[in-house]
Amino acid sequence: MSHKTDQEPNGLKDDAQDTESAPESIVEGVDEEIVESNRRLFTGWQFFLFAALAIGYSSFHLISLNVFPLETWSFRILHIAGALILGYGLFAGARFAEDDHHASGPALKWASYALLIPAVYTLAQVFLMHQTLSGEAMRIDPSVENWHYGYPLMATTAGAIILSWFYRQARHRFNPADLVLMVCAAASAGYLLVAFNTNIRMSTGTSFAPSGISWAAIAGSMLILELTRRVAGLALVVISAVFLTYVFAGPALPGFLGYPGLSLQRFFSQVYTDTGILGPTTAVSSTYIILFIIFAAFLQASKVGDYFVNFAFAAAGRARGGPAKVSIFASGLMGMINGTSAGNVVSTGSLTIPLMKKVGYPPRSAGAIEAAASTGGQIMPPIMGAGAFIMAEVTGIPYTEIAIAAIIPAVLYFASVYFMVDFEAARKGMRGMRKEEIPLFSKLVKQVYLFAPIIILIVALFMGYSVIRAGTLATASAAVVSWISPNKMGLRAILRALQLAGTMSIQIIAVCACAGLIVGVISLTGVGARFSSLLLGLAGVSQLLALVFAMLISILLGMGMPTTAAYAVAASVVAPGLINIGIEPLVAHFFVFYFAVVSAITPPVALASYAAAGISGDNPMGTSVASFKIGLAAFIVPFMFFYSPAMLMEGSAMQILRVGVTATLGIVLLSGMVQKWFFGPVNTLQRIIMLVGAMFMIYGGIYTDVAGLAIGAILFIMQRRQYGGDNKTPQTG
């Protein structure tokens, strides 16, 4: 059947009618702020207060990173403290009451206000201790640190956290228990700023460390864990609790898990340094991540997200199964920038999932496609969510080298999702969207300059600018470009973008700080080194077995966690072991990074799939299994990094080209095998042959590539003879 019959007879007349009937835009609201269920919605002076705090927090980072740099530890302490203060102001610890009549009684309210007295007292002690150390004193009297600072701070922090779990009020009201936690965050950070800016800093991790550092670190860790629970759920908190328990239970454990042990004071006096909480994860969140969150907020404020999705509809909407292909394109673009799989599902999936269902995709497939596409944004260069920046920080490999190495794996992943979608659409006889249902490409091309900020970012990075300078230029260009677009950014819009950035950053900063706590446990107890020796032993039996074990641990550590935290933990536990068995650092880190990313679509705990199921209305577990199938390539490709480093651009140009082309053809066969379709239905024997051919070509060796190409050619000829290539393929399903 020809696709031209209903478009060509009337020539220019029909084109003119189509131009008139085609909508300017079918997408609105992609750039709307996502408001979490436990986020307070203030009104009046409280709204303006917290808006000002959020704007100040974002501006503080822009100024510190570009104009007035601070001492490193001080900057990171302020970075975390600001997120804690803002986070406790905006996110509630319990469900909201329907109205003031269902709110908690006065007893909890007055108990919270009572706790405010010791909280303010500990904050006042910080100022007094600062004055003492500014004089001739070398350190603070231990009794003052314990009785006037440490004990009241601990009791107040613990009490306020527990009260906040039971305190319920209307969504527009503020919780006095959270006010106590905000003061405690300031008191904890204040002491650390005072101590770490004196010679006391050198005593961390020793028996000579002041007890005040340990008290501040314990209170700070409790505050980080509680905020992480509020903004990212219990998964990361539970994993952190397991690691913290190991610090003190480890000496009693048998075998390779046992270690000599650390005292409470020695551990906590060192965990709130660059060994742990202030280490690589916070280094990245306080520089690259916060900067790209501000960049994303400026793009949102200028409505670029709406344009991206409309552009995707214009480019791919008319193809068979059009909305699914739009989802791949749009979710890849948005996910690359915003850095959270589940968040991306919610923002773009709310539009693409209903449209996929409309053209014939079952709810399960629609949710699974969106989850897989949104997850893929995390591995898509140049931004790759935030993972590339953490990888650069941990490995010391330049960011641009990491972004280039990610190109072929990202192409393979999105090719896999695309052909999975295409073959399912062909098998089920789905249509694309009609011309009058989508925006005209010719109209949207006139606004293609809206891609300029991303292009400027890429060009600046590859011209050798630092990531911070490139990100700042891209952010400024987003505002400038908006001035020639329909959504001009004035002063109010810029302030709104800074406020949005401050709010958006809370989750990722809490998660990175919490991941830093785990990283601190790993480095201070040496459990990572013992895990490396275990992998080394397995590699003596079989390197493939060691890689499978590393894959399972990476996925297990990442389940239920945001990508950034999942990779940070896996990079500390698994990557050193892979490097010890002879794998190149870049390959080892990409291996664990991929599995940390795809944990978002891996059953049984698949955050992105669960978010998609909530929109599609299907069973969450069924959706996670379906998204696992669609993203199958991401579970195979990392093994190929080891067997064929050319996939990461390591090798000659011919090697890289050969591996890239044959692996892509292998992905096509793999997709056809999963969807039981090539040019037409595929029987069981043909599926087995397709799987063998796919594995041969993905493997990357010369002989296996030749064998895979031969198998692919035979299948191609068989299917062409059986079904032909002129749209006469039978439609099933």
Verify the distance criterion only: is there a donor paired with an acceptor across the side chains of R230 and S164 at less than 3.5 Å?
yes
pair V194-V126: side-chain heavy atoms closer than 4.5 Å
yes
Just how far is it from atom CD of E71 to atom CZ of R76, taken to the nearest 0.5 Å?
9.0 Å
Any donor-acceptor N/O pair, T282 side chain to G279 backbone, under 3.5 Å
no
Mind checking whether Y594 and F590 have parallel, tilted or perpendicular rings, split at 30° and 60°?
tilted
Test item: Q265 side-chain N/O and A209 main-chain N/O as donor-acceptor pair under 3.5 Å
yes
L556 side chain reached by L552 side chain, heavy atoms, under 4.5 Å
no
Is a side-chain N or O of S188 found less than 3.5 angstrom from the main chain of A185, in a donor-acceptor match?
no
With a 6.0 Å cut-off on the ring centroids, do Y259 and Y246 count as close?
yes
Mind running side chain to side chain contact (heavy atoms under 4.5 Å, CB included) on S214 and L264 for me, showing each step along the way?
CA-CA 8 Å; S214 299; L264 186 80; over 6 Å; no
Is there a side chain to side chain contact (heavy atoms under 4.5 Å, CB included) between F196 and I213 once you walk through the steps?
CA-CA 9 Å; F196 288 161; I213 292 180; 4.0 Å; yes
Does R266 use its side chain to pair, donor to acceptor, with the backbone of T206 at less than 3.5 Å?
no
Ring centers of F60, F75 separated by less than 6.0 Å
yes
Counting only N and O atoms by type, is there a donor-acceptor contact under 3.5 Å from the side chain of S572 to the main-chain atoms of A568?
yes
Test side chain to side chain donor-acceptor pair (under 3.5 Å) on S112 and N175; report intermediate values, then the result.
CA-CA 9 Å; S112 300; N175 182 341; 4.7 Å; no
How about CZ on F248, more than 12 heavy atoms from neighbouring residues, nucleotides or ligands closer than 6.0 Å, or not?
yes
With side chains defined as the heavy atoms from C-beta onward, is the minimum distance between L179 and L116 less than 4.5 Å?
yes
Flag, side chain of T122 to backbone of A119, donor-acceptor distance under 3.5 Å:
yes
No-hydrogen, no-angle side-chain donor-acceptor test under 3.5 Å, H79 and S285
yes
Got a sec: does the CD of Q46 have more than 12 other heavy atoms crowding it under 6.0 Å?
yes
Using a cut-off of 6.0 Å, state whether more than 12 heavy atoms not belonging to R469 lie near its atom CZ.
no
Please lay out, stage by stage, how L128 and Q131 fare under the test side chain to side chain contact (heavy atoms under 4.5 Å, CB included).
CA-CA 5 Å; L128 294 174; Q131 288 181 340; 4.0 Å; yes
Note, V284 side chain near C512 side chain (heavy atom, < 4.5 Å):
no
Only one of Y191, Y149, Y151 passes ring pair (Phe, Tyr, Trp, His ring centres under 6.0 Å) with W215, and that residue is Y151
As a quick check of understanding, evaluate side chain to side chain contact (heavy atoms under 4.5 Å, CB included) for Y567 and H589, giving each step before the final call.
CA-CA 9 Å; Y567 168 64; H589 279 272; 2.8 Å; yes
With distance as the sole test, does S64 use its side chain to make a donor-acceptor pair with the main-chain N or O of P69 at under 3.5 Å?
no
Expected output: side-chain S554 to main-chain A596 donor-acceptor under 3.5 Å:
no
F591/F595 aromatic ring centres below 6.0 Å:
yes
Any donor-acceptor N/O pair, R95 side chain to R168 backbone, under 3.5 Å
no
Is a side-chain N or O of T156 found less than 3.5 angstrom from the main chain of L153, in a donor-acceptor match?
no
Counting C-beta onward and ignoring hydrogens, is there a side-chain heavy-atom pair between F531 and I553 closer than 4.5 Å?
yes
